[in-house]
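Presented below is the structure to which this report refers.
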Amino acid sequence: MRLIEGIANFRRLYANSIDLNIKSYLSTTKRAFCRPSEHPKVVNTTITCSPFYCSNNNLGSRSHSSRPEMEGIEHRVIKANGINMHVAEKGKGPVILFLHGFPELWYTWRHQITAFASLGYRALAPDLRGFGETEAPDDASTYTSLHIVGDLIALLDAVAADQDQVFVVGHDWGALIAWWLCMFRPDRVKALVNMSVAFNPRNPNMKPLEGLRALYGDDYYICRFQEPGVIEAEFREMGYERVLKGFFTYRDPCPLLIPKGKYFGQPDTPISLPSWFSEEDCKYYLSQYEKKGFTGGLNYYRNINLNWQLTAPWTGSKIKVPVKFIVGDQDLTYNGPGIKDYLHKGGLKKNVPLLEEVVVMEGVAHFLQEEKPDEVNKHIHDFFNKF
């Protein structure tokens, strides 16, 4: 019976995330989430980018690269919603806010930042709370959907106060956050391109974590991420470089299981990198995760059930901004039980009434914006160009 319930509710699992105390939420997000902020202070202004960028705020030293896709990207750290938030940006014009997932960083959007700056947009790609050069609060309960959306509203108030609405692009956790942003504050979003993770309405009858365990068991990666410190210790033992390569090269459309000591192949077997993810790319990610580990990113998963509790007032809500959804046919998110029918037989359209198109990219896995940047950029541009 638990398995049947898990399958029946699988489509709800991605729209939610773990458990916060409301007092903590109110103290840190009330201002940015409920009303426009009073233009948070810019603590660190324009810095020319390199792929191994670190800001001047005692976050490290910079090294330089002549890679074309990195030229002209600027960086600053913004005081927003009570934390220091790092954002990469380039260009002038209508703002596109790019939201990364796990274990990504602002860097995952490097191809998009340069491309859209050249097309007359202002591309903004923050490191989200807990990632990269952005502050990582110790309290795991401060990584809920309300905190993260609060961060983004405060960021936009600080760096794009002249634009009432912005374009948004999300991937993986960034897609979930983008759905929440559109649900909580549709007044701030002109149009959305979301990738990999579809919107599903909150299921009031089942907590998402319990549904996942019923469906996949305790070795399912989201379940394995729950206990603080456990998976972090395993990642350290395995080595952060192997962990990052394992995630970015994962192409199995089956569910990701990580039984202790048995994931990402044998420890002494090298992981071959695809052409779109170089050793230099891996070194950038590694340089960031070596500074403070994976806990910030893992805390998003640890708030799955809490997000479910906090979003109860939005039960039955629909996404009411124009949307284009893109997914790779080799992505594990596309191959879950019921997902294809949900995307192609009207389920997503019912919950996202302004959905204009679902694009399935053939032969492409999870990190599609890195694997096929030119194709993804064209899909994004063709859609946003309508507005």
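What you are looking at is a predicted structure, and each value in this text was computed from that prediction instead of being measured. Values below: every heavy atom of this structure, side chains too, minus hydrogens, waters and symmetry copies.
- Between F116 and F98, the ring-plane angle classifies as tilted under the 30° and 60° cut-offs.
- Between Q288 and F131 the shortest side-chain heavy-atom distance does not fall below 4.5 Å.
- Taking CZ of F247 as the start and CG of D172 as the end, the distance is 10.0 Å to the nearest 0.5 Å.
- Between the CH2 atom in W173 and the NE2 atom in H100 there is a gap of 12.5 Å [rounded to 0.5 Å].
- Taking CD from E104 and CH2 from W109, the interatomic distance works out to 7.0 Å, rounded to the nearest 0.5 Å.
- Contact check on E241 versus K245 returns a salt bridge, with a Lys/Arg side-chain nitrogen under 4.0 Å from an Asp/Glu carboxylate oxygen.
- A heavy-atom distance below 4.5 Å is not found between the side chains of Q165 and V321.
- Separation of atoms OG1 (T114) and CD1 (I73) is listed at 4.5 Å; rounding is to 0.5 Å.
- Screening residues 216-227 for salt bridge (charged side-chain N to carboxylate O under 4.0 Å, His left out) gives R213-D218, R224-E234 as the qualifying pairs, with residues at least two apart or on separate chains.
- Distance OH/Y221 to CG/L212: 8.5 Å, rounded to 0.5 Å.
- H366 and H171 have tilted rings, their planes meeting at an angle from 30° to 60° on a 0 to 90° scale.
- The closest donor-acceptor contact from the side chain of D281 to the backbone of S278 lies under 3.5 Å.
- With rounding to the nearest 0.5 Å, the separation of CD1 in I319 from CG in L348 is 9.5 Å.
- Between Y107 and Y284, the angle of the ring planes stays under 30°, which puts this pair in the parallel group of the 30/60° scheme.
- When side chains are defined from C-beta on, T269 counts as touching R242, because their heavy atoms get closer than 4.5 Å.
- Ion pair D382/K378 flagged as a salt bridge, since at least one NZ, NE, NH1 or NH2 atom sits closer than 4.0 Å to an Asp/Glu carboxylate oxygen.
- Between E135 and K292 there is no salt bridge, since none of the side-chain N atoms of the basic residue sits less than 4.0 Å from a carboxylate O of the acidic one.
- Aromatic ring centres of F248 and Y285: separated by under 6.0 Å.
- Taking the six-membered ring for Trp and thresholds of 30 and 60 degrees, F294 and F235 have ring planes more than 60 degrees apart, a perpendicular arrangement.
- In this structure, F383 has its ring center no closer than 6.0 Å to that of F167.
- Contact of the N81 side chain with the L155 side chain is not registered, since no non-hydrogen atoms from C-beta on lie closer than 4.5 Å.
- Ring-centre distance between Y240 and Y289: not below the 6.0 Å cut-off.
- Among residues at least two apart or in separate chains, salt bridge (charged side-chain N to carboxylate O under 4.0 Å, His left out) pairs with a member in residues 318-340 are K324-E357.
- A salt bridge is defined here as a Lys NZ or Arg NE, NH1 or NH2 lying under 4.0 Å from an Asp or Glu carboxylate O, and K291 with E133 meets this definition.
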